[in-house]
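Here is the structure we will look at.
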Number of protein chains: 2
Amino acid sequence: MNDYSQFLGKIPLFRDLSSEELKEISLLAKVRNYKKNMLIFLEGEPGEALFFVISGKVKISMMTEDGREQILHILQHGDVFAEVVLIDRGPYPASAEVIETGQIGMLMNDDLENYLRTNPDLALKVLRLMSKRLRLAQIQVRDLALKDTYGRLASMLLMLAKDHGEDGPSGITIDLPLGRQELANLIGTTRETVTRILGDFKKNKCIELDKQAITIIDEAKLKTWL
Amino acid sequence: MNDYSQFLGKIPLFRDLSSEELKEISLLAKVRNYKKNMLIFLEGEPGEALFFVISGKVKISMMTEDGREQILHILQHGDVFAEVVLIDRGPYPASAEVIETGQIGMLMNDDLENYLRTNPDLALKVLRLMSKRLRLAQIQVRDLALKDTYGRLASMLLMLAKDHGEDGPSGITIDLPLGRQELANLIGTTRETVTRILGDFKKNKCIELDKQAITIIDEAKLKTWL
DNA sequence: TTATAACAATGATGCATATCACAATTTGGC
DNA sequence: GCCAAATTGTGATATGCATCATTGTTATAA
């Protein structure tokens, strides 16, 4: 029998549970290896578990009937997802796909729900997580509605830099396995437009491009596009 | 000393608390009358209370620096708002303004927090509320990113009809104190565009217009615009 | 390494929707 | 009920971005 409490202890949601509780919950957890492009769950499927990223990267996205994709988040180690289905027992509101090979943990809703009921601290933690998500989602709504594509892309780059960026000598580098199309699907535009705007940002010496990596070399100037 | 437990009992969030708890909480509540156009709180102010609508209507909105508005929700009797600041103690993420005269109740965060800690059921209710909000926000993100203005307006009308509509002989009537500009600010477009699209919907016999009221007379046809 | 497929860049064109300007209508205060 | 102010409707024009078409480039596998 595996003991996953080492993993759980690194997830902010479960941090500072007592080591006993941690062990107890970890016994209920399942951990699987996922390769790039593997699907974890599909939008609309009955939601039966809460997931957390141990390693690798995960993209959460929604589709329209005609097959166009809107990416909601890019998640990494420590992030939890599908928390809404734990609460309301509805279907998954979005799909989860692995975009960088890694390990994903899962906890069945039924198993976890008891902990929520008896452990108000954990409930509060889930609340905090959801309030953070809600704030982000509302900002996303505002930006999509009111900003042009330059503003949305600049804002997205700054966000990705904060969450996934690595500081380097020339600036913060975002090196995610995201193609132009996926970058476009993050901000509600097209492949071509992303190419053109990135070109403009580069011309203006806000960023540098190298293969799939994007380096922000002048954050202040990039912010003028917001 | 007023007893507001009659009001609280009608708020889904507090329903099925014991009548004792209800009374206890209601003693902490303050109720105020608000006239149309009065501001309840402003985006960015320190968040110090949770609010609930007893009567009247409230609009929740965010602004950009240059003064453009994005409306997030239209709320009515029974709805709770500013729940995120109860959890994360940050500033209000959006402003709340009364668009139809009525009574608004408030509960200071400090007073309520103890209840959350000791009453896991209430915490779960707040969780359910937030998960509902989050699902809605994510759908809004997807629609803003992927649908055209016709689709967004059709979808907004259907939503408003569900929440605020009244069934009548010819269809569901939405009669909210919202101008064209505000309708536009709900779906990220302009006054003029809303006018034109409503005109098209009317020409296609999806809706009827009478002063500020909008009646959906052919829901099925309206849905074809989605 | 070369072959082949996926992805990215670039230019030309078109369309949806913003913007602007003004007329028409409705609303709210006295 | 009347008037001023606010809101709405409507046409003309502008433009940001999508779409389409093509070429160039980068990954993947034999």
Side-chain angles (χ1 to χ4, degrees), chain A residues 35-37 59 64 66-71 99-101 143-157 174-204 207-214 225-226, chain B residues 35-38 59 64 66-71 97 99-101 143-156 174-203 207-214 225-226:
Chain A
K35 290 222 185 74
K36 185 174 171 166
N37 297 327
K59 108 182 159 189
T64 44
D66 58 322
R68 303 204 298 153
E69 177 192 52
Q70 171 64 24
I71 304 180
I99 60 168
E100 188 183 292
T101 301
D143 288 356
L144 277 168
L146 301 175
K147 283 184 179 158
D148 64 10
T149 45
Y150 282 78
R152 298 208 299 276
L153 184 49
S155 146
M156 180 55 64
L157 289 180
I174 304 160
D175 192 0
L176 289 170
L178 292 175
R180 292 290 181 267
Q181 183 65 63
E182 280 171 314
L183 225 38
N185 292 349
L186 271 164
I187 59 169
T189 185
T190 59
R191 209 169 55 69
E192 294 93 326
T193 298
V194 168
T195 293
R196 283 186 249 268
I197 298 177
L198 285 178
D200 282 355
F201 286 166
K202 186 179 175 182
K203 236 182 288 174
N204 278 271
I207 61 168
E208 262 169 14
L209 300 170
D210 177 47
K211 310 206 179 184
Q212 83 179 178
I214 300 171
W225 290 103
L226 290 181
Chain B
K35 291 223 185 72
K36 187 175 168 160
N37 297 328
M38 283 178 86
K59 107 181 160 190
T64 45
D66 57 323
R68 303 205 299 156
E69 177 191 50
Q70 171 64 25
I71 303 180
E97 183 185 333
I99 58 168
E100 187 183 292
T101 301
D143 288 357
L144 277 168
L146 301 175
K147 283 185 180 159
D148 64 11
T149 46
Y150 282 78
R152 299 208 298 274
L153 183 50
S155 145
M156 179 55 64
I174 304 161
D175 192 359
L176 289 171
L178 291 175
R180 292 288 181 267
Q181 182 66 64
E182 279 171 313
L183 225 37
N185 292 349
L186 271 164
I187 59 168
T189 184
T190 59
R191 201 174 65 67
E192 295 93 326
T193 298
V194 168
T195 294
R196 285 187 247 266
I197 298 177
L198 285 178
D200 281 355
F201 285 166
K202 187 181 175 183
K203 235 183 289 174
I207 62 168
E208 263 168 13
L209 300 171
D210 177 46
K211 310 204 178 184
Q212 87 181 175
I214 300 171
W225 290 104
L226 292 181

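Letters A, B, ... mirror the listed sequences (proteins, then strands); counts begin at 1. No experiment lies behind these values; they were computed from the predicted model shown.
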Taking only N and O in the side chain of T190(A), is any of them less than 4.0 Å away from OP1 or OP2 of dA18(D)?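 Checking T190(A) against dA18(D): at least one side-chain N or O falls below 4.0 Å of OP1 or OP2.
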Report yes if at least one side-chain N or O of T149(A) is closer than 4.0 Å to OP1 or OP2 of dC17(D); otherwise report no.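 So the side chain of T149(A) is within the cut-off, an N or O lying under 4.0 Å from OP1 or OP2 of dC17(D).
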How long is the span from the [atom1] atom in [X] to the [atom2] atom in [Y], to the nearest 0.5 Å?
X       : Y       : atom1 : atom2 : answer
R68(A)  : K147(B) : CZ    : NZ    : 11.0 Å
T64(B)  : E69(B)  : OG1   : CD    : 9.5 Å
T193(A) : D148(A) : OG1   : CG    : 11.0 Å
T149(A) : I197(A) : OG1   : CD1   : 3.5 Å

All salt bridge (charged side-chain N to carboxylate O under 4.0 Å, His left out) counterparts of [X], not counting sequence neighbours:
X       : result
E182(B) : K59(B)
K203(B) : D200(B)
D210(A) : none

Only one of I71(B), N37(B), L178(B) clears side chain to side chain contact (heavy atoms under 4.5 Å, CB included) with I99(B); which?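 That would be L178(B).
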Taking CG from L146(B) and C1' from dC17(D), how many angstroms apart are they, rounded to a whole number?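 After rounding, the reported distance stands at 15 Å.
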Geometric class of the Y150(A)/F201(A) ring pair [parallel <30°, tilted 30-60°, perpendicular >60°]: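 Perpendicular, since the angle between the ring planes exceeds 60°.
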Five pairs per end, C1' atoms only: what is the angle between the end axes of the helix from dT1(C)-dA30(D) to dC30(C)-dG1(D), to 10 degrees?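 The helix from dT1(C)-dA30(D) to dC30(C)-dG1(D) shows an end-to-end axis angle of 60°.
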Just the endpoints, please: which first and last nucleotides of DNA chain C, 5' to 3', lie under 4.0 Å from a heavy atom of chain A?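 Under 4.0 Å from chain A, the extent on DNA chain C is dA8(C) to dA12(C).
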Could you go through the side chain to side chain contact (heavy atoms under 4.5 Å, CB included) check for Q212(B) and L176(B) one step at a time? CA-CA 7 Å; Q212(B) 87 181 175; L176(B) 289 171; 5.9 Å; no
Identify the pairs formed between an N or O of the protein and an N or O of nucleotides 5-12 of chain D at a distance under 3.5 Å, and give each distance.
from    : atom 1 : to      : atom 2 : distance (Å)
dT8(D)  : OP1    : R180(B) : N      : 3.2
dT8(D)  : OP2    : R180(B) : N      : 3.2
dG9(D)  : OP1    : R180(B) : NH2    : 3.4
dG9(D)  : OP2    : R180(B) : NE     : 2.9
dG9(D)  : OP2    : T195(B) : OG1    : 2.9
dG9(D)  : N7     : R191(B) : NH1    : 3.4
dG9(D)  : O6     : R191(B) : NH2    : 3.1
dG11(D) : N7     : R196(B) : NH1    : 3.1
dG11(D) : O6     : R196(B) : NH2    : 3.4

Y150(A) vs K36(A), nearer the 5' end of DNA chain D by closest nucleotide: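 On the 5' side of the pair lies Y150(A).
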